Every structure is written in C-alpha cells, then in structure tokens.
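Labels below follow one simple rule: chain letters A, B, ... track the order of the sequence lines, proteins then strands, and each chain is numbered from 1. What you are looking at is a predicted structure, and each value in this text was computed from that prediction instead of being measured.
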There are 2 protein chains.
Amino acid sequence: MRDVARRAVRAEIAAKAMQLFLAQGFEATTVKQVAAAVGMSGRSLFRYFDTKEDMVIGGLVELGHDVAAALELRPADEDPWTALRHALEVCVDSLEEDELGLRRAKMLATTASLRTAMLDKHLRWQQILVPHVEKRLRDSGQPQAEALAARALVSAALSCLDVAAVAWTEAEGARPLTNLVDQAFAAVRS
Amino acid sequence: MRDVARRAVRAEIAAKAMQLFLAQGFEATTVKQVAAAVGMSGRSLFRYFDTKEDMVIGGLVELGHDVAAALELRPADEDPWTALRHALEVCVDSLEEDELGLRRAKMLATTASLRTAMLDKHLRWQQILVPHVEKRLRDSGQPQAEALAARALVSAALSCLDVAAVAWTEAEGARPLTNLVDQAFAAVRS
DNA sequence: CCACGTTTGTCAGTCGCTGCCATGCCCTCG
DNA sequence: CGAGGGCATGGCAGCGACTGACAAACGTGG
C-alpha cells in the first residue's frame, strides 16, 4: 500500500520533469530546477530516481516485461525472429498512442546522454527476453544453439526497433512506426 | 608535423591510463591519478581526451574506417550481411592479436560506463558504414530499400559483434572469437 | 633578442550524485 | 494517551568528471 504512494510520486515527478525537459531541453535543465518544480529537495529526488535520465526512461523497464509476456503468447512453432517482431508491437503501440510520444522520442534520439541511457535499457530488456527466446530455440529442435543465438537474435531485434524509432522521429511521425519496424526486420532477414 | 607529436602524446597517455585501469579498475581510478602517472595536470588531460572513457576507447574510431575499407573490398555481388560479416573480421583480428585485448575486452564488458561508451562508438561506426551498405543495396537492384534497410543491417551486425565479444570474454577467450561471430551472424539470418 | 602562437598549469566553479545526520511524520504498542 | 520505532524528507558537506578564464613557460621565426 505504501508502494502505491511511492509509484504515484514517481509518476508525478516524471511528469513534471518531462514538462521541463521538453520546454527547455534535457541537458539545459538541472535537477535543482526539477526539484523546485516538484516542491522537493534535490536530495530527495535521488531517492526516487537513481539518475536524471531515469526520470525520462525509468518507466520503460516494466515495458520489457510486457514484451516478454507478448512473446510468450506467440505460437510455439513461430520462428523466433517473427515472434520477436510481433512481441515488439507493444512498444510500437506505447510510442504511437499519444503525440507526446513523438516529442519524447525525438528528445531521446537527439540528446546524447539519453541515447546511451536507452541503450542501457535495451541491455535490461535483452536480459529479460533472452531466456524466453532460448526456450523457443530449444523447443523448436535447435540442439546446440546455446545462449549465443538467443542473445544475438534479441540484440539484433532491439537494434531494428531502435533504428526504426529514429527514422520515425526523423520523419516527424509521418510514416507509421509499425511499417518502419517491419522494413527494418525484413532488411535484416535479407 | 605537430599532429604527430599530439598523436604520440595521446598514445602515451592511453597506454599509461590502460595500465592503471587494468591494475585497479576503471571506476576506482581517478583522472588525477592518471594525470600524476603521466606527469601532467588533470586539466591538460582533457585537452587530449574529451572523456575519461575516451582514454580507453578513443583509438577505436579509426578502426571503423578500416572496417569500411574492408567492406569496400568485398565482391560487389556479395549480399550485404555476409559482406559485413567479413568486413568485421578486422575487428576480430585486432581483438585477438594480443592477450591484452582479452583483458581490455573484459573490462569493457563489465564496466557500465565503458559499455555505454562502446555503444556510442558503435553509433559512429554505424554512421561510417551505412553509406557503403546503401551503395551496396542500390547496386544489387534493391529499388526502394532506402536508408532504413542499410541502418538496420549495420546496427544488427554491430549488435552481433558485441554479443559475440561479450560471450568471448565470458569464456575467457577459450573459444575463438571468429567462430562466435559466425554463430551470432548465422543465428540472426535464421 | 623580441614578438607570437601554442601548450601547459592553476584556480574556481558547475553539475550530477552520495553519505551522514538531524528533523518531523505516522503508526503501533504498552 | 504517551512513548517508542520505522520512514520519508531536508540540509550539508563532499567527491569526481568536466569547463572556462587567466597567466606563465615554451619554441619558433623575424
């Protein structure tokens, strides 16, 4: 029950922070300003977020588990690559749903420290997704595929998502993100 | 002619820094210590390297151009994916040549800030390699493939290299890196 | 030998982030 | 009801990476 309050505070902070970041830029905004905007001491901010970047990205870790759940729902005989493609649709949806997603994505794509933070998040997603893909490989007969294949597949898939997202922001969201992800995945399948 | 001296100083600093980093860890080593070891003020260090991480990774940017050159040498009718695989062999060689490469790779894989710096470097490599892959796609008939396909291919290929390198360090270099890269590339081709 | 540009050191400062300690809050138990 | 134990918060001092500004030392060319 206390976790509820904590989550609510986190969400509130993240919202106010995003507001500031979008208004005057991520790097140009200090944590003190965020603290002031939220009515909190700077010290306490870091009791809710480990990093300034986490105020933007923090909520996306749980999305990784959503992807894993979606992956689990795909038919067992589907090959891992297309299964991953379909599972990642939940990310596509979460980005496309509100037009604020585009502005946020653009900030993520253009700010250096945020880009690297995103890549870190991808590493966590990778750790979440790899076991599921391994199971999938085992079930479909691959005898000696080992962990390496699973890691390569997940990493490549996330790269495709990333590339598609960047292209999406560059096009100002004109082309639907789903198509871009499809193209990226198709290009790698060769 | 002055650039020669500058490059020599950079190399000297990087060498002494690596020595310290390997001895007592990257994060546990302050720039002041590196400065002292090299007989320089901390301020001047940052006139040779933008970042502490650059002292480890800095030299690898040029390697991206080597990869591009190797890519250019591949037969024009080779499909992009295998062409990239062969071009990346220059990275494999540069990592495998001395056993210091393994220790460095292990440090790169385990230190958080260095991992993200590596991913940044991959982004630069991506920018270098994408034009060449684009040309390759155009030449081989792909009419409307556009930039997206090239970016996806390069990004996925670098992911595979990264995954293979991590697996290589985890195995203490027991299995040859080349084979691991082959497996990663094969896994994605599906 | 003197002017000039480059390189270097020093100092002070910013910013993200952390540890420590004190304060105030609520909740429970006696 | 009042005392005690968590728990969230604030303030402060500090670290470490990094930067700007200024001045001193250096080498080179006139």
Side-chain angles (χ1 to χ4, degrees), chain A residues 1-14 16-58 61 107-108 111-121, chain B residues 1-14 16-21 23-58 107-108 111-121:
Chain A
M1 55 184 85
R2 198 133 221 151
D3 270 5
V4 178
R6 187 175 171 80
R7 274 175 212 283
V9 175
R10 268 182 69 103
E12 168 98 7
I13 295 173
K16 282 244 164 64
M18 271 302 300
Q19 198 174 322
L20 280 178
F21 293 158
L22 288 176
Q24 47 181 329
F26 179 78
E27 326 212 59
T29 307
T30 73
V31 287
K32 270 191 181 176
Q33 290 177 309
V34 178
V38 107
M40 229 184 200
S41 87
R43 184 67 186 87
S44 287
L45 269 194
F46 286 104
R47 295 197 169 100
Y48 286 94
F49 293 95
D50 289 342
T51 311
K52 185 185 174 189
E53 286 81 10
D54 265 22
M55 300 177 194
V56 179
I57 301 185
V61 198
M107 193 176 77
L108 285 174
T111 310
S113 69
L114 282 177
R115 269 205 72 92
T116 75
M118 278 290 289
L119 297 180
D120 275 0
K121 203 60 47 74
Chain B
M1 54 182 86
R2 201 132 218 154
D3 270 6
V4 178
R6 187 176 171 80
R7 274 176 213 282
V9 175
R10 267 183 71 105
E12 168 99 6
I13 295 173
K16 281 244 164 64
M18 271 303 300
Q19 198 175 323
L20 279 178
F21 292 157
Q24 48 180 332
F26 179 78
E27 326 211 58
T29 307
T30 74
V31 287
K32 271 191 180 178
Q33 290 177 308
V34 178
V38 108
M40 229 183 197
S41 90
R43 185 65 184 88
S44 287
L45 269 194
F46 286 104
R47 295 195 169 103
Y48 286 93
F49 293 94
D50 289 341
T51 309
K52 185 185 174 189
E53 286 81 11
D54 265 20
M55 300 177 194
V56 180
I57 300 184
M107 192 176 78
L108 286 173
T111 311
S113 68
L114 281 178
R115 268 204 73 92
T116 72
M118 277 290 290
L119 297 180
D120 275 1
K121 203 60 47 76

Detail all sub-3.5 Å separations between protein N/O atoms and N/O atoms belonging to nucleotides 16-18 of chain D.
unit_1  : atom_1 : unit_2 : atom_2 : d
dA17(D) : OP1    : K52(B) : NZ     : 3.0
dA17(D) : OP2    : V31(B) : N      : 3.3
dC18(D) : OP2    : K52(B) : N      : 2.8

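- Checked against salt bridge (charged side-chain N to carboxylate O under 4.0 Å, His left out), E12(B) has the following partners two or more places apart in sequence or in another chain: K16(B).
- The closest side-chain donor-acceptor pair between T111(B) and E27(B), if any, does not fall under 3.5 angstrom.
- In this structure the side chain of F21(B) reaches within 4.5 angstrom of the side chain of V34(B), judged on heavy atoms.
- Judged as a salt bridge (charged side-chain N to carboxylate O under 4.0 Å, His left out), and not counting sequence neighbours, K121(A) has no contacts.
- The distance from atom CZ of F49(A) to atom C1' of dC15(C) is 19 Å, rounded to the nearest whole Å.
- Surrounding CZ of R7(A) are at most 12 heavy atoms belonging to other residues, nucleotides or ligands under 6.0 Å away.
- Proximity of Y48(A) to R6(A): side-chain heavy atoms (C-beta onward) are separated by under 4.5 Å at one or more points.
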List every contact pair, protein side and nucleotides 8-10 of chain D side both N or O, where the distance is under 3.5 Å.
unit_1  : atom_1 : unit_2 : atom_2 : d
dT9(D)  : OP1    : Y48(A) : OH     : 3.2
dT9(D)  : OP2    : Y48(A) : OH     : 2.7
dG10(D) : OP2    : S41(A) : N      : 2.9
dG10(D) : OP2    : S41(A) : OG     : 3.2
dG10(D) : OP2    : S44(A) : OG     : 2.8
dG10(D) : N7     : R47(A) : NH1    : 3.3
dG10(D) : O6     : R47(A) : NH2    : 2.8

Please tabulate, one pair per line, all N/O donor-acceptor pairs under 3.5 Å involving side-chain atoms of residues 35-42 of chain B, not counting sequence neighbours.
unit_1 : atom_1 : unit_2 : atom_2 : d
S41(B) : OG     : R43(B) : N      : 3.3
S41(B) : OG     : S44(B) : N      : 3.2

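- For Q24(B), the side-chain hydrogen bond (donor to acceptor under 3.5 Å, both in side chains) test picks out no residue, with sequence neighbours left out.
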